[in-house]
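Working notes, structure below.
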Amino acid sequence: MKLRNLVLLTVLVLLIDQFSKIYIKTHFYYGEEVNVIGSWFKLHFIENEGMAFGMEFGGGFGKLFLTSFRLIAVFAGYFILKKLVQQKYSRGLLVCSALIWAGAIGNLIDSMFYGLIFTDSTFHLAQMVSPGQGYGKFMHGRVVDMLYFPMVESTYPNWFPGIGGRPFTFFAPIFNVADFAISAGVIALLIFQNRYMKKDEPAPETQP
């Protein structure tokens, strides 16, 4: 598989990711929720300062560290992907690696630039503004999340120690397309690692 095709796949994921984030950020109030399919697939606008699926990480310094780490990982990811192509690893490994790389870039864009180019979403619809007129500094942007799949909403049985009677939701995390791309790539690698970690063997030459 050619590196060019993997870069095109990465660009496609990025376009979907950024379009969905910009649309939600400029058309939804913070915390607004709409049903897409029944009550189990919703769009729910939130932002987070840290890691995937809305997890937090260490305040302002942690945010700067995480964004810097993402930046280094994105640059390294290109060269790793290029090397995997040159070494002729399987298509499955290359596609999964491209998905992980695309997801890392998608969330890095939020972290680096959204604070510079968007107004705050807390009390009104965000607007795109000139760089430097936004809600935050360079590398201190918040990541936009919107995909919500509360497939089962119930309560824990009363006999559960400590949490009996409390509300329970499966699947509770709210995430974005970049998070999905990363998770899909990692999960596929874990499931199919024996198949994907092999190099493609050249086709045997046929005798005239």
Could you tell me whether the side chain of T67 and the main chain of L64 form a donor-acceptor pair under 3.5 Å?
no
Which residue in the set F28, Y30, Y148, Y23 passes ring pair (Phe, Tyr, Trp, His ring centres under 6.0 Å) when paired with F45?
Y30
Would you please test L125 and H27 for side-chain contact (heavy atoms from CB on, under 4.5 Å) and show each step?
CA-CA 6 Å; L125 291 177; H27 289 78; 5.6 Å; no
What distance separates I24 CD1 from L43 CG, expressed to the nearest 0.5 Å?
4.5 Å
Find the distance between OH (Y135) and CG (D120) and round it off to the nearest 0.5 Å.
8.0 Å
Side chains of R70 and S111: any donor to acceptor distance under 3.5 Å?
yes
N176 and N107 side chains, donor-acceptor separation under 3.5 Å:
yes
Establish, yes or no, whether a centroid distance under 6.0 Å links the rings of F41 and F149.
yes
Near Q127 CD, under 6.0 Å, is it more than 12 heavy atoms from other residues, nucleotides or ligands?
no
Could you go through T10 and L14, starting from their C-alpha distance and side-chain angles, then the distance that decides it, and tell me whether this counts as side-chain contact (heavy atoms from CB on, under 4.5 Å)?
CA-CA 6 Å; T10 300; L14 284 175; 4.2 Å; yes
Test item: W40 and I37 side chains (from C-beta on) under 4.5 Å apart, heavy atoms
yes
Both conditions, 6.0 Å and 45 degrees, for the charged tip of K25 above the ring of F118: are they met here?
yes
Let me see the working for K21 and I109 under side-chain contact (heavy atoms from CB on, under 4.5 Å), right down to the final yes or no.
CA-CA 11 Å; K21 288 173 177 175; I109 292 172; over 6 Å; no
Partners passing side chain to side chain contact (heavy atoms under 4.5 Å, CB included) against F69 (at least two apart in sequence or in another chain):
none
Flag the pair D110 and R142 as a salt bridge only when some basic side-chain nitrogen lies within less than 4.0 angstrom of an acidic carboxylate oxygen.
no
